[in-house]
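What follows is one structure encoded as structure tokens, with my remarks underneath.
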There are 2 protein chains.
Amino acid sequence: MAKRTFNLAELDNNSQFNNKQESKTLIEHAYSLMRQDIISGALKPGEKLRVAHLQKKYEISASTLREAISRLVSEYLVSAEGQRGYKVSDINIDELKDITDLRVLIEVKAVRESVRHGSDEWKQQLTEVFNQLSQFEQPINPDKSQQWEYYNSQFHQLLSNGKPSPWTLRTLKLLSQHSERYRHLAIKISKNKRDVHAEHTTIYEAVMAGNELRAALATEDHIRTTTEQIINNYGSKSN
Amino acid sequence: MAKRTFNLAELDNNSQFNNKQESKTLIEHAYSLMRQDIISGALKPGEKLRVAHLQKKYEISASTLREAISRLVSEYLVSAEGQRGYKVSDINIDELKDITDLRVLIEVKAVRESVRHGSDEWKQQLTEVFNQLSQFEQPINPDKSQQWEYYNSQFHQLLSNGKPSPWTLRTLKLLSQHSERYRHLAIKISKNKRDVHAEHTTIYEAVMAGNELRAALATEDHIRTTTEQIINNYGSKSN
DNA sequence: ACTATGCATATTATCGATTATTTATTTTTC
DNA sequence: GAAAAATAAATAATCGATAATATGCATAGT
């Protein structure tokens, strides 16, 4: 009997809009899917990851699945407990605050460096991404939240990478992943009342104008406002 | 035929001095060992991780070993290349500089917070660890470098944790791991000419005196000096 | 009624074998 | 004799089965 064969083309059109995840092996693929499921909230905090069940869902063997899960442990999206298997990491507000503070420290510094050292080519790239992003948040279209998520993430990454720093990028990616998860768990995008586009625009314009301080303040404000909104939504339990 | 059984006691006395790694499963155990081997330089940068060979070394089955390796990928100590297996991550000076800058940003901030918010109990703990550390660096004893490594790491961690922040701790741990690797690859401990103990003492005393600025400056200086020394040793190829 | 003990069931951790892919070697062709 | 093609060997990725462990339930004892 032929073993299940895998090819890139087939794998890649599973999810509608996954420019970022270029999966090569089955493990990488399963890893990407699971990470996305955790961040999006499809797999809920505290949920036990029973291998037998997930095997069917991801159409993959037990060992392979375990290997994928293992990676998520190092990213703190999954926690391992002794011989009692794995579960999706729990969440709590204090942790979100902690993540936010650290993210502010790093991202603000990175944006400042970008303003100082960003090349013209970089500015051009930023403009492109900003325009793409604007498309999806003016007006807000709940049907295209996937695309918004993507360009929002790209915008923040690029913003922090005017002076390239791999470790800054990695660290911010990790932190942002977790921020996203909290956001998804708390906020229905349709309920988003604040004008995110205006905030992005402020940051963008400050950067393009070379105004380091203004860019820094706008970035910090943007990150902290998002967190505040998440915390408020938690409080009012508007699930 | 009985399957190879594993018990904690047996596992734990493999390494002389492993207070930190409390391995439960075989995977966790292998993971700890491999991480240590990479950080210490026993597994060299760029070295291919051939599963068949490592299986014998760690006395573990292929799949189990792969699972352990997977975790190291998320920590950037190992890099995966398509269907071509795994290898120990390469090193280069630019990356060390990058790590150092980020580490300074985070650790200095953390130390400042510690000075502001550290409780009396925390100060007491810090004193204990500082004294332990001093034992092993005054005078420097190459036979006890293991212990020095341990207490040095503890000292820095505690220093950054006067105001507890799990994410700061995790991030610094990750960055410090990589710093350590670079240090081990470049510096033979016996060749360490600078007075590390004096630097630690300066930091410690500033913290105890509640002098935030001085503590911050001393911390930054300490981290950067270490990196400079590594870079110099690379240059002179005193391998 | 409540805890404790033992058995059945479910789930996890581990292993060894199988299939797929890459790397090395030889053979063929121009 | 060098490039290309074909083959062989080595290594990686994946799978399914088995042993170890934990969980749930029933029964016995207080």
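Proteins get letters first, then strands, A, B, ... in listed order; numbering begins at 1 in each.
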Subject >> Contact nearer the 5' end of DNA chain D, comparing B:Ala52 with B:Ser63 >> reply: B:Ala52
Original post:
Considering only C:dT14, D:dA13, C:dG16, which nucleotide approaches the side chain of B:Gln83 most closely?
Top reply: D:dA13
Original post:
Does B:Val104 reach the side chain of B:Arg224, with side-chain heavy atoms less than 4.5 Å apart?
Top reply: yes
Original post:
Which one, D:dA22, D:dA12, C:dT14, comes nearest to the side chain of B:Lys48?
Top reply: D:dA12
Original post:
Any side-chain N or O of A:Thr64 under 4.0 Å from OP1/OP2 of D:dC15?
Top reply: yes
Original post:
So, is B:Arg50 close to the D:dT11 phosphate, meaning a side-chain N or O under 4.0 Å from OP1 or OP2?
Top reply: yes
Subject >> Distance in angstrom units between A:Leu26 CG and D:dC15 P, rounded >> reply: 6 Å
Original post:
In whole Å, what is the span from the CD1 atom of B:Ile69 to the C1' atom of D:dA12?
Top reply: 11 Å
Original post:
How long is the line joining CG of B:Leu49 and P of D:dA12, in whole Å?
Top reply: 9 Å
Original post:
Any idea how B:Tyr76 and A:Trp167 line up, ring-wise: parallel (<30°), tilted (30 to 60°), or perpendicular (>60°)?
Top reply: perpendicular
Original post:
With no hydrogens and no angle check, do the side chains of A:Tyr182 and A:Glu95 hold a donor and an acceptor under 3.5 Å apart?
Top reply: yes
Original post:
Quick one: do the A:Thr227 and A:Thr100 side chains pair a donor with an acceptor below 3.5 Å?
Top reply: yes
Original post:
Of the nucleotides C:dA13, D:dA13, C:dT14, which has the atom closest to the A:Thr25 side chain?
Top reply: D:dA13
**OP:** Please report, rounded to the nearest Å, how far the P atom of D:dT23 is from the NZ atom of A:Lys87.
**Re:** 12 Å
Subject >> d(CD, A:Gln55; P, D:dT14) in whole Å >> reply: 14 Å
**OP:** Return no unless some side-chain N or O of B:Arg66 is found under 4.0 Å from OP1 or OP2 of D:dA13.
**Re:** yes
Subject >> Euclidean distance, atom OH of residue A:Tyr86 to atom P of C:dA13 [Å, nearest integer] >> reply: 5 Å
